[in-house]
Protein chains: 4
Amino acid sequence: MKLTILHIGDIFGAAGRQALAALLPGLKASLRPDLVIANGENSAGGIGITPETAGEIFLAGVDVITTGNHVWRHREIEALLDDEPHLLRPHNYPGDAPGRGWVIARTQAGPPVGVLNLEGRVFMSQLDCPFACAEEILAGPLAQTPVIIVDFHAEATSEKAALAWRLDGRVSAVLGTHTHVPTADERILPGGTAFQSDVGMTGPHDSIIGVETEVAIQRFLTARPARFRAAEENPRLQATVVEVDAATGAALHIQRIDAPLSERPGQP
Amino acid sequence: MKLTILHIGDIFGAAGRQALAALLPGLKASLRPDLVIANGENSAGGIGITPETAGEIFLAGVDVITTGNHVWRHREIEALLDDEPHLLRPHNYPGDAPGRGWVIARTQAGPPVGVLNLEGRVFMSQLDCPFACAEEILAGPLAQTPVIIVDFHAEATSEKAALAWRLDGRVSAVLGTHTHVPTADERILPGGTAFQSDVGMTGPHDSIIGVETEVAIQRFLTARPARFRAAEENPRLQATVVEVDAATGAALHIQRIDAPLSERPGQP
Amino acid sequence: MKLTILHIGDIFGAAGRQALAALLPGLKASLRPDLVIANGENSAGGIGITPETAGEIFLAGVDVITTGNHVWRHREIEALLDDEPHLLRPHNYPGDAPGRGWVIARTQAGPPVGVLNLEGRVFMSQLDCPFACAEEILAGPLAQTPVIIVDFHAEATSEKAALAWRLDGRVSAVLGTHTHVPTADERILPGGTAFQSDVGMTGPHDSIIGVETEVAIQRFLTARPARFRAAEENPRLQATVVEVDAATGAALHIQRIDAPLSERPGQP
Amino acid sequence: MKLTILHIGDIFGAAGRQALAALLPGLKASLRPDLVIANGENSAGGIGITPETAGEIFLAGVDVITTGNHVWRHREIEALLDDEPHLLRPHNYPGDAPGRGWVIARTQAGPPVGVLNLEGRVFMSQLDCPFACAEEILAGPLAQTPVIIVDFHAEATSEKAALAWRLDGRVSAVLGTHTHVPTADERILPGGTAFQSDVGMTGPHDSIIGVETEVAIQRFLTARPARFRAAEENPRLQATVVEVDAATGAALHIQRIDAPLSERPGQP
Ligand SMILES: [Fe+2]
Ligand SMILES: [Fe+2]
Ligand SMILES: [Fe+2]
Ligand SMILES: [Fe+2]
Ligand SMILES: [Fe+2]
Ligand SMILES: [Fe+2]
Ligand SMILES: [Fe+2]
Ligand SMILES: [Fe+2]
């Protein structure tokens, strides 16, 4: 039996939520995914996530929301992290952070899918080791689940590839998020784990990784803060589809998706 | 009149040089590029470049070699940087670094192509501002050259996109290098500048960005140094082709290339 | 003729402003400084500076205010940076930042004192090179001023020492700020330049570099944001006095000052 | 009963070893310390430590050697880390690193002293959490030892202070190393823990934190590698003495030491 899993890249601001709501139904109709995962860490105005934007994302048809370094921006999400098992935060935050980073999600077809959310450390925060954390969760709560998708929210290509090769043969996919740029390196590693360094961003692509272009450029030119503004133009949904053998968890196929909210001239 | 420019991603070690030598002739036969640019900063054993590996790269059919942060690794390259105008280093190194970061390369078809090599600063070294440096070179030595390709050797997706949007309409392409992972965001910006966050790596792709997999994993697991070993398996040539209107410098088309040295089962 | 210059470390929040107002008059009475410089980048609630806190600092008897990376926090300071020549920001910000980083300050005794404010780059922002910037200002507007004090607002001990040794014999003193911890390395370098890696903090010292202790500890324990709170306990004024030969600019003496707002048992 | 503990800052190169050998006997005669700890991570040519330099340090009269981020530079030290319990490496390295980071050292007077070596993460490597690691060791192997000295090898003043305040009342001292610059903030925190952000460097002080001045300056001016050279001039021993109540572990006194190898004019 084959499971199809759709993993959607960081949903950024209103433009990202719109692209999601408008495009996901069609994608579900054509791909018939057994599970839809989406990273929602930028869904609230471009930084963070709120109960409202999480609700919107679930309502649009997402089964599991993953997040990343921006998840703590709005404190009102903390209660929902505790209460809603399908809303994840990177599991390798130290101590007693609200919520958790893994879930065993049921699918209509029957076989459950484990989802694990981790965050990288290179050029990022001082967290617990994502490699060690993965071992712990794979040996513990996800030990009986053959199909496992890891959202590795990280900056450095080396750290992402290292985790994927480390887990090769033990999880179905390691899919990167955080850079907001999809990579063209999707493949299935020798042990059967699908890997892509970054799934990309569901949001406004006439922007600097979601941020209004002029604001971001000014920051680089001046090295001074400039008021954050989420961009709006050229909303696209970027995602990756992984097909998995439900019995073994081995990935069978991996494919990128890059869908514009509306067809426009001059866009790829 | 249309110019076709082939830009090859970081050539990594012996495997990368082999892939280049074996695959570039065929690519030239099919694409008939007017200019071939390649980033050679990892050509010597995976770190740095020597006169020998630079010679090999030129001999394989490359017209202009760009580099990056690893260019200073082998001191014997410094004389060649001074003497060979088609061997570039990022121009925004401060002071009186050997060599320079731009060249006006002649093409058989007639119209010359300006090539500019810059290095990013986010998560990298304390260099002169690449944005200001670009302004200076565009207003100075490259002012009369409509067709200009920028190799922006940088880590952060935000910095790469910001430079591309900043230069949109003023250069033919901003092509990123350094992460060793090709991005799937190639496009032509509204002003006519082709942009891709990273062209990828020409080297061994069963690896962690070129490094032998086990070595790289051990570094992440232990946080201790592990002896560097270049990987060898799955050599691929990754590059990007840009077609440019020679009169205006506007990009007409951009396309990724990802060619295996040998067809093997199980590879994408 | 000898000039005495008092340089006060980063004034942090209300506690810092109180310590300054209470202690500076006595210090001036005893030391009779010809010029008082103070770093005010943390004077507004612990982050940034406002026209109000700058006014308080001037009113307390400070002649020149230097700042650092936090100077841009409150936008209302920008007009004052443009208008008040005795309020400095690090000069090596790129482009057309408000204000400037040097001033030639008059003293009652006659000989003016040049003050130059620079910011480091190691572990900090992508600014213009502070070494090159220093050369430019020393060769330009401060060329005729023998007595020059440099406030180098930087993190890394190596960068601070390198600038001091680089400028040895050309400025009267290189005094570091930013770490909020005074260093015990005050000395006069062979060429006659006084140097201290960091002058320290004028603020609440029962704290983590000014921040309320529990808040700062929680940030380290959780890697999550915790609401910033300026500490209040154990206010101290930390500063350094440099005596300079007015004719040559050579430093004659350098001495640390660490004064509690009120004598309390158990404090050093 | 009172214990006197002498903690010596990073021993840097031949100049540092000479200063140690020449000055420690006199210091022991005058201070009569019950235990001498020294950080040896720079003892071999300025980077790392070897069995030979470790032997020299022990022979000079040091009881416990701590280290830091440079400890892994020379692989031949790994066996000694495993075999010699008085040679420590930061305990919070992940996995099965050679050696360990704590020891219970016997003293002539009777009461043993626990020594714990940790490394910071801010601006440094991705290690296990030093705060959590401290809790584990304090609750485990050092639980029965009232007198405990922590060598916290770290860069950021905030991280050092946070650990000290976190452990206040539970260890006798938190003494920082790594910046090679002694800080003037030595004090006893309210709970009885002595704290100093950095003990400083035992090595050549006419240098940039040990490195030959011109080499270090060139690195900042050029952003290119320059061949490392350990400096030699102005060797000094920098250390801190802590007096501790042997029964409770509470610190009674803390004092900096800064001793030149030879008295020279013009030095502080
Ligand atoms: Fe994101
Ligand atoms: Fe993120
Ligand atoms: Fe590279
Ligand atoms: Fe690179
Ligand atoms: Fe400050
Ligand atoms: Fe600062
Ligand atoms: Fe050190
Ligand atoms: Fe160190």
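So that the names make sense, note that chain A is the first sequence line, chain B the second, and so on, each numbered from 1. Everything quoted here is computed from the prediction, not taken from an experiment.
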Colleague: Mind checking which of residues 121-134 of chain A sit less than 4.5 Å from chain B, heavy atom to heavy atom?
Modeller: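 When heavy atoms of chain B are the reference, residues 121-134 of chain A contributes Val122(A), Phe123(A), Phe131(A) within the under-4.5 Å range.
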Colleague: Name the region of Glu214(B), side chain, backbone, both or neither, that has any atom closer than 4.5 Å to a heavy atom of chain A.
Modeller: neither
Colleague: Within a reach of under 6.0 Å around CD of Glu232(A), are more than 12 heavy atoms found that belong to other residues, nucleotides or ligands?
Modeller: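 Check fails, neighbour count at 12 or below.
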Colleague: Of all heavy-atom pairs between Ser158(A) and Ile209(B), which one has the smallest distance, and what is that distance?
Modeller: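 Heavy atoms only, the tightest pair is CB-CD1, 3.8 Å.
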Colleague: What part of Gln238(B) gets within 4.5 angstrom of chain A, counting heavy atoms only: side chain, backbone, both, or neither?
Modeller: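 No part of Gln238(B) comes within 4.5 Å of chain A.
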Colleague: On a heavy-atom basis, which atom in Thr157(B) and which in Thr179(A) lie closest, and how many Å separate them?
Modeller: OG1-O, 3.0 Å
Colleague: Above 12 or not: heavy atoms from other molecules or residues under 6.0 Å from CZ of Arg170(B)?
Modeller: yes
Colleague: At a heavy-atom separation under 4.5 Å, does Arg256(A) approach chain B through its side chain, its backbone, both, or neither?
Modeller: side chain
Colleague: Between NE2 of His180(B) and CG of Asp185(A), what distance do you get to the nearest 0.5 Å?
Modeller: 13.5 Å
Colleague: Ile208(B) versus Glu159(A): any side-chain heavy-atom pair under 4.5 Å?
Modeller: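 In short, these two side chains do not touch, never coming nearer than 4.5 Å.
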Colleague: Within this structure, what is the CG-CD1 distance for the pair Leu167(A) and Ile217(B), rounded to the nearest 0.5 Å?
Modeller: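 Rounded to the nearest 0.5 Å, the CG-CD1 separation comes to 8.5 Å.
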Colleague: Phe152(B): what forms a ring-ring contact (aromatic ring centres under 6.0 Å, His included) with it, not counting sequence neighbours?
Modeller: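 By the ring-ring contact (aromatic ring centres under 6.0 Å, His included) rule, Phe152(B) matches no residue at all.
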Colleague: Salt bridge between Asp206(B) and Arg187(A), side-chain N to carboxylate O under 4.0 Å?
Modeller: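 A salt bridge links Asp206(B) with Arg187(A).
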Colleague: Find out whether Thr213(A) and Arg166(B) are in side-chain contact, i.e. whether some heavy atom of one side chain is under 4.5 Å from a heavy atom of the other.
Modeller: no
Colleague: Taking every heavy-atom pair that is under 4.5 Å apart, which of Gly200(B), Ser207(B), Ala156(B) has the most such pairs with chain A?
Modeller: Ser207(B)
